[in-house]
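Written out below as structure tokens is the structure these notes cover.
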Amino acid sequence: MQYDFNSIEKKWQEYWAKNQTFKAQNNSEKEKFYVLDMFPYPSGAGLHVGHPLGYIASDIYARYKRHKGFNVLHPQGYDSFGLPAEQYAIQTGQHPAVTTEKNITTYRRQLDQLGFSFDWSREVRTSNPKYYKWTQWIFIQLFNSWYNKDSDKAEAITDLVSVFEKEGNSSIHAVCDDDVSNFSAAEWNAFSEKEKQETLLKYRLTYLAESEVNWCPALGTVLANDEIVNGVSERGGHPVVRKKMTQWSMRITAYAQRLLDGLQKVDWPQPLKDSQTNWIGRSVGASVSFKVKGSDKEISVFTTRPDTIFGVSFMTLAPEHDLVQQITTAEQKEAVETYIEATAKRSERERMADVKTISGAFTGAYAEHPFTKESIPIWIGDYVLAGYGTGAVMSVPCGDQRDYDFAKHFGIDIPNIFKDVDISEEAFADKENTVIANSDFLNDLPYKEATKKAIAELEKLGQGEGKINYRLRDAVFSRQRYWGEPFPVYYDADGLPHMIEEQYLPITLPEVDKYLPTETGEPPLGNATEWAWDTAANKVVSNGKIDNETVFSLDLNTMPGWAGSSQYFNRYMDPHNDEEIFSQEAINYWQDVDLYIGGSEHATGHLLYSRFWQKFMFDKGLVPKDEFAKKLINQGMITGTSAFAKRVGYQIVVLADYLDSLSNEEKENVKLINDKYSIIKDRYLSEGIVKKMRVSYRKVDNKEQEEHNKLVEKIDKFLIEPIGRDIEKMGLSGKVVIDNGLRSYFRTHVLVDLVNASDELDVEGFKKWRPEYAEAVFIGEDGEIIEEGNGKFIVGREIEKMSKSKFNVVNPDAICEEYGADSLRLYEMFLGPLEQSKPWNTAGITGVHSFLKKLWRLYHSGADGAFEVSEAEPSKDSWKTLHKTIKKVEEDIENFSFNTTVSTFMICVNELSGQKCISKAVLEPLAILVSPYAPHIAEELWQKLGHEESISEAPFPKFEEKYLVESSKEYPISFNGKMRFKLELPLDMSKEEIESTVMAHEKTQSQLQGRTPKKVIVVPGKIVNIVG
RNA sequence: GCUCGAGUGGUGGAAUUGGUAGACACGUUGGACUUAAAAUCCAAUGGCCAUUAUGGCCGUAUGGGUUCAAGUCCCAUCUCGAGUACCA
């Protein structure tokens, strides 16, 4: 009987669905285990082979834990709000809900065919009102909370109000806006309702504030810092500018320290922890305030080096600093204004790119040194950023290279305050070796003591204090988009926000006739005619009724992408609960995620915001753990095309008609595949035997051309960026030639000289070809090295994006059809370590596929391949094979070393085949071992072995040491550390006996050639080393 | 620039505490079966040298070091990748 994977896989997928095999119960005698994948955004392109990698790994682990007797929660859902569906809606007018639904159907079909053991009864979708009701609910909870520094947790805003009523705000230590001024109880009580609400807004954990935001005109929305890469939007690569807008913000900065501390107790990858740590950016130092001479103004700065305070020779303000206008003297006004104008013209990006040019202007004003009372000139310079610290620095040129360069450039004094250090060439920034000099009371102190002392003295003067500064900013939470969660917020006549009561949630998205901003520039929700809140009827009503008495306007923004993903892991525990976000019973049973698998690109986005909300939920007593995931693994990316050429070796297609120009020697190394194409042996290519190469193009059809032109319109040139480290080594220069990946479609052939070409491809040429099916072909400097790779080179940003459609060619559907889901699962694991990025190449899949066929044959040794196993006792060798496999598989799964497990299976099956083992006693446990990896074939074999229940709950085989006990060992005998021969010796032999046996051996004697060894090292059970 | 990670055959990758480098697989080459192809099976496969067989030398980015023994530990250098960037 053949291994008919198609019907087997279909059969078991239907069985699992019908029997709800993987449905998890919220209470059980068994220990719980929660395995979670980062839920996908259902894009229109469907799943590509890179997607399932993490899902396969988590599925293996989940299935393994079931075999180990755990009650496993392994849910899946969709992060279904997002930009692509909205942009598609703008183009086509189709409602995003419709396209999203359609995409989800495709995703579900694709996920199902891979045989995942998800509990689909718990599916969540962030765009489902029943789900986002709870996203809105959390928003309201945050609004109703403030952060108390004394208890170091979030507390109810009502408690804060009662303190204000009794004692004002002087005893309150809160994380709040900087501009909160002190008020007494009497003053508070005298506040108007409007004043009270405005004040409270400065304390709430989500607050409305006019803030400078990253505005992306092309997308028509605000972006968070983590949505911007190199000054352009992460999606689409559009320019981003700064703009002032009134926005909801999340006071994540309140949790900065706890977010740092929490990293200590989770088992997450170090690089990810590092990038969160960097993102939070804690720096310890002091705030110092400098009086401005001849004025009542003060300039506050943050410094990490208060010990260098006597080295201050000037101050620098960011050009945008509030005080600049006020302190600039009449004589300097023109210079300052010219400078400000010049910097304003330069984009943020230009400013960052151009670090070397030093520029600035003197304001004419002076500050007073807190200790020496000397005058310090105040400058402005764009090397000081408005957005960090206070936007002003005390400049210590001898201790900071940027200050040093600035001082040199403008001829400002550079006093030296370091003992025995030469600062004539550059600044001295080495804290550890610092000894202070020329600094009054700080003289002869090292860095640490000097810092302490300086802060103490500043405190005495009331001009400074120790301070910890964080780079982390509050997160802007409003987006000017349609396809997101609406805010449960309406505004009164004063423009003050009010939360809609919980019982009236969810506030569902209104219908709009177009998804673009309104003509007056309001967000898309401004197009809705039915978008006002009736406080009497407690429902959404027509805009026409707004009277600011009972009917008010609703917020026109929606929440950002990360809103829906910041608590979804907890919602899975009790996903159908309409009364609560989740029951306490459910959360207390499941607690937290035991294993979370997903991409590292979420390091400073989703994973930071989720931790923030989890800590907030913890403060509110809603969840028992303040970190939501104990262990996290970042699966590597499967790069669809990038290193393809590397992987296939340098297998090159040469046009047959080109062969004529080859020398005889070259021709010998070229094999004709048909009258048009031939393959050069890879090694001959790397040796440089083939000298030149032709390149082939395919013309595109009209439809392809049309789609492509749309993209081309947006760009005016393409930069060629070779990736991968081989390129330079190969002495390649030149440009990419666009080609198709489907050799059978080649029609036009063009020989391109790559050496002399510029590295820009003109748009006209580009328009003619389909870049997403690019093959790049290179000719080396002397014409001797040639390389071709399927998409080995990416062409600018747009191509990178387009190449996603390339993945459609390698989508899992085709592979499942040809080799089966079990083969795909095994293959993706076999490619390499889970956490490592690796290129996709279908070539190797035959290896794992033939392994599955061998496995199948092991159970089908009867006539004509009929199923047959024997009740006979297995041989000693077979027992040994089985048990060493059990041991290795178990260890590997626990270590997430899934690639080596697949090797282990192969070795096991090869050995058992060699032993002609057909004993049930071995084959039965083997099926269980394989089942997490290749569940369909395992179920089928399990059933054939006579079981009626699914294999999924079968206990994992128990490893028994006794089968591995050996009586002898083949010792490697080495001479000076190099293994020369092997010798079989009993394991119970003593050290001395081993030594004498080895020394007596004739091979030892022939190695020594009469010399007497200096020393003989014997490590029993391991090795013998003879030192001569 | 800074932080972190990595560098092993033609390719993906093994080597768990310092103890037989290259497991397993792809690819390649040769062979069996076949009218042929596919599938399957067998053998070889790090490089160089030698051979009737046995064998020898080199080899884990480079240069040093520690050790009886180093892919693994230490120092320096080079290269690649990821993150971050005038962060005061």
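Letters A, B, ... mirror the listed sequences (proteins, then strands); counts begin at 1.
In this structure, A:Arg402 reaches the B:C87 phosphate: one of its side-chain N or O atoms is under 4.0 Å from OP1 or OP2. Contact annotation: A:Lys1015 side-chain N/O to B:C68 OP1/OP2 distance is under 4.0 Å. Between A:Asn899 and the phosphate of B:A14, there is a side-chain N or O to OP1/OP2 separation shorter than 4.0 Å. Applying the 4.0 Å criterion to OP1 and OP2 of B:A25, one finds that A:Asn910 has a side-chain N or O inside that range. Between B:A39 and A:Ser850, no contact under 4.0 Å exists linking OP1 or OP2 to a side-chain N or O. The phosphate of B:U40 has OP1 or OP2 within less than 4.0 Å of a side-chain N or O from A:Lys853. Side-chain nitrogen and oxygen atoms of A:Gln836 include at least one within less than 4.0 Å of the OP1 or OP2 phosphate oxygen of B:G13. Put simply, A:Arg980 has a side-chain N or O that comes within less than 4.0 Å of OP1 or OP2 on B:C57. The side chain of A:Arg282 places no N or O atom within less than 4.0 Å of a non-bridging phosphate oxygen (OP1 or OP2) of B:C87.
Going from atom NZ of A:Lys431 over to atom CG of A:Asp307 covers 8.5 Å, rounded to the nearest 0.5 Å. In this structure, CG on A:Leu852 lies 4.5 Å from OG on A:Ser823, to the nearest 0.5 angstrom. One distance of note links CD of A:Glu890 with CG of A:Asp892; it measures 10.5 Å at 0.5 Å rounding.
Contact check on A:Glu995 versus A:Lys991 returns no salt bridge, with no Lys/Arg side-chain nitrogen under 4.0 Å from an Asp/Glu carboxylate oxygen. Classification of A:Glu425 and A:Lys408 as a salt-bridged pair fails, no side-chain N sitting under 4.0 Å from a carboxylate O.
The shortest heavy-atom contact between A:Ile414 and A:Pro397 is CG2-CB, 3.9 Å.
Taking atom C1' in both B:G18 and B:C68, the straight-line distance is 12 Å, to the nearest Å. The P atoms of B:C4 and B:C41 are separated by 49 Å, rounded to the nearest whole Å.
Which of B:C4, B:A25, B:G19 sits closest to the side chain of A:Met906 comes down to B:A25.
Across all strands, A:Lys854 comes closer than 4.0 Å only to sugar-phosphate atoms, never to a base (heavy-atom distances).
Panel note: side chain A:His860, backbone A:Trp856; a donor-acceptor pair is recorded below 3.5 Å.
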| field | Dot-bracket summary - RNA chain B, pairs being Watson-Crick or G-U whose distances fall under 3.5 Å, with | when paired to another strand | value | (((((((..(((......[....)))((((((.......))))))((((.....))))..(((((..]....))))))))))))....
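Nearest-nucleotide positions on RNA chain B place A:Asp274 closer to the 5' end than the other of A:Pro833 and A:Asp274.
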